[in-house]
Amino acid sequence: MAVTEQPRKGKAEASHTFRAMLVELPIYGALVVAYFFLVLHFLGDWLGHLHANHTTLYSLISIGLIIGQAVALEWVTTLLLRIFRGRSE
Amino acid sequence: MYFPISGADISPIYLVVVGFLIGVMGGFFGVGGSFIAGPALRAAGLDWNFAVGTDLAHIVGKSVVAAKRHRALGNVDLRLGLIMAFGTIGGAEVGAQLIEALKQAGNVNLVVSIVSIVIYVSISSFMVWESWKTLRLQKLKAAGMENPGRRSSREDESSFQHVTTSIQKLQLAPMVALPASGVKSISIWIIVLVSFIGGLFSGFLGGGAGYIRMPMLVYVLGIPTHLAVGTDLFEIIISASYGTFSHAMKGNVDILIALVMNTGAAIGAQIGAISTQYFAGPKIRLAFVPLPLVGAAIVVYTMMTGHKL
């Protein structure tokens with residue numbers, strides 16, 4: 001699809017953002033791997049216990065965890081993007 | 001990686017990649033992407049009940065990331081999203097009850113499937129016609145002007161605008177203004193009806209039914225495409241949270257799988273949301289066309305094989 005108005009400026013901005021995202025990906029990947037092993041590993045058994053024995057608490061914690069993680073990830077990705085966009089300018 | 005809640009053994013890389021792809025699509029089109037996530041989880045060996053519930057939990061996380069990004073870009077109408085959440089939850093509940101009633105009534109699955117296919121194909125055909133016509137009009141206009149200027153996300157063109165304007169003029173009290181979307185006045189009942197229909201399809205066919213709601217936001221309510229995408233995502237946070245809680249209470253959510261998928265979806269949703277800034281509304285609508293067709297293909301597959309994806 002073609003880029004619309006102010007094509008040159010738009011294209012330059014887009015390529016700038018996507019280049020910054022490419023730099024961000026390996027760092028983000030390393031953070032995610034660390035997260036898998038540290039956080040999810042320790043949470044697994046506890047959540048399994050809640051799922052089996054305390055359904056209401058498990059449901060509430062599930063919602064809290066997914067929203068909390070999403071907010072944190074959004075914050076991390078925005079911060080990384082800002083750092084790498086700033087550096088490449 | 002072993003997930004103790006569902007007892008499934010799934011590669012986290014697979015989950016992250018699936019989450020990423022759905023994130024890009026969700027951020028760009030404002031849909032939940034359950035028609036891809038559900039089958040992808042099933043293909044990885046997750047039981048059907050866990051696939052549905054876990055997919056909903058993952059949709060919540062992905063929508064939070066994408067909606068936050070869209071909000072930063074000025075693409076979320078909070079008032080509209082909150083009103084719609086009520087209609088969607090109500091519609092989803094009625095849809096789920098209706099499906100139960102229809103199951104008992106006999107071979108209504110065939111009727112529901114055929115109606116769904118007709119609606120999906122109609123949405124796609126209509127959107128191709130409308131966005132193509134609008135793009136042609138824009139080209140003609142641009143040819144007549146030396147510098148057409150940059151449009152904001154609140155200024156969107158549609159060849160269907162005359163119908164949308166008539167709908168906005170319907171005086172069914174109470175009326176509400178949506179300044180964030182540039183709508184001066186619209187009946188609250190029309191907003192609730194639109195979200196109720198979206199919820200109804202969600203209850204009928206599963207998933208978030210964003211492929212129906214997003215076009216209705218644009219063509220029925222007259223919301224500019226960029227705002228329709230962002231607002232739909234915001235609304236999905238509320239309705240999918242409700243669905244996740246409901247499924248979790250039935251033991252159908254493996255939150256660990258959803259959390260892993262969400263790590264990929266977070267970055268994908270950012271890419272999708274940022275990408276919308278580089279495309280005009282009619283082009284986003286044109287690119288949206290295959291999504292309802294995928295929905296139709298899933299229904300055809302279900303009808304032919306008897307397996308629900």
Side-chain angles (χ1 to χ4, degrees), chain A residues 1-7 9-18 20-22 24-25 28-29 31-33 35-37 39-41 43-52 55-78 80-81 85, chain B residues 1-7 12 16 53 57-69 72 138 142 147-151 237 241-242 244-251 253-256 258-260 262-267 269-271 274-275 277-284 286-287:
Chain A
M1 278 193 293
V3 176
T4 53
E5 296 85 10
Q6 296 181 326
K9 197 183 169 192
K11 270 185 186 170
E13 260 180 47
S15 66
H16 199 75
T17 306
F18 286 114
M21 274 186 164
L22 282 180
E24 181 193 331
L25 277 174
Y28 181 75
L31 288 172
V32 163
V33 170
Y35 171 74
F36 283 167
F37 287 102
V39 182
L40 296 183
H41 179 72
L43 275 178
D45 289 340
W46 178 63
L47 286 170
H49 170 74
L50 284 182
H51 179 260
T55 317
T56 309
L57 186 60
Y58 173 77
S59 307
L60 291 170
I61 286 175
S62 294
I63 298 280
L65 274 174
I66 198 77
I67 292 176
Q69 182 187 282
V71 172
L73 287 178
E74 200 271 342
W75 183 78
V76 169
T77 49
T78 304
L80 287 173
L81 194 62
R85 273 196 73 155
Chain B
M1 190 173 175
Y2 179 70
F3 293 93
I5 295 170
S6 57
V16 171
H58 152 256
I59 285 173
V60 174
K62 184 215 69 188
S63 302
V64 167
V65 177
K68 273 195 81 167
R69 170 56 58 184
Q138 279 185 343
N147 182 14
R150 192 180 174 86
R151 283 182 174 278
I237 296 172
S241 293
Y242 174 80
T244 302
F245 184 80
S246 171
H247 273 280
M249 289 295 288
K250 293 177 186 103
V253 175
D254 188 330
I255 195 63
L256 288 169
L259 290 170
V260 173
N262 195 228
T263 55
I267 198 120
Q270 296 255 23
I271 293 173
I274 291 168
S275 303
Q277 295 307 105
Y278 304 105
F279 297 100
K283 283 180 179 164
I284 295 175
L286 193 61

Pick from A:Gly68, A:Ser62, A:Gly48 with the largest number of heavy-atom pairs that fall under 4.5 Å of chain B: A:Ser62
Those residues that, when tested against A:Tyr58, pass ring-ring contact (aromatic ring centres under 6.0 Å, His included) (two or more places apart): A:His51
Interchain contact, A:Leu60 with chain B, by part (heavy-atom threshold 4.5 Å): both
Heavy-atom closest contact (A:Ala70 atom, B:Gly61 atom, distance): CB-O, 3.3 Å
Between CG on residue A:Leu47 and CZ on residue B:Phe3, distance to nearest 0.5 Å: 12.0 Å
Among the listed options B:Ile237, B:Val64, B:Thr244, the residue most often paired with chain A at heavy-atom distances under 4.5 Å: B:Val64
Heavy-atom closest pair, residues B:Leu256 and A:Gly44: CD1-CA, 3.6 Å
Straight-line distance of A:Leu50 CG to B:Ile255 CD1, nearest 0.5 Å: 12.0 Å
Nearest heavy-atom neighbours spanning B:Leu259 and A:Leu65: CD2-O, 3.8 Å
B:Lys68 vs A:Thr78 side-chain heavy atoms within contact, under 4.5 Å: no
side-chain hydrogen bond (donor to acceptor under 3.5 Å, both in side chains) against B:Ser6, all qualifying residues, sequence neighbours excluded: B:Asp254
Minimum-distance pair of heavy atoms, taken over all atoms of A:Ile66 and B:Ala57: CG1-O, 3.2 Å
Exam field: side chain A:Thr55 to backbone B:Met249, donor-acceptor pair closer than 3.5 Å: no
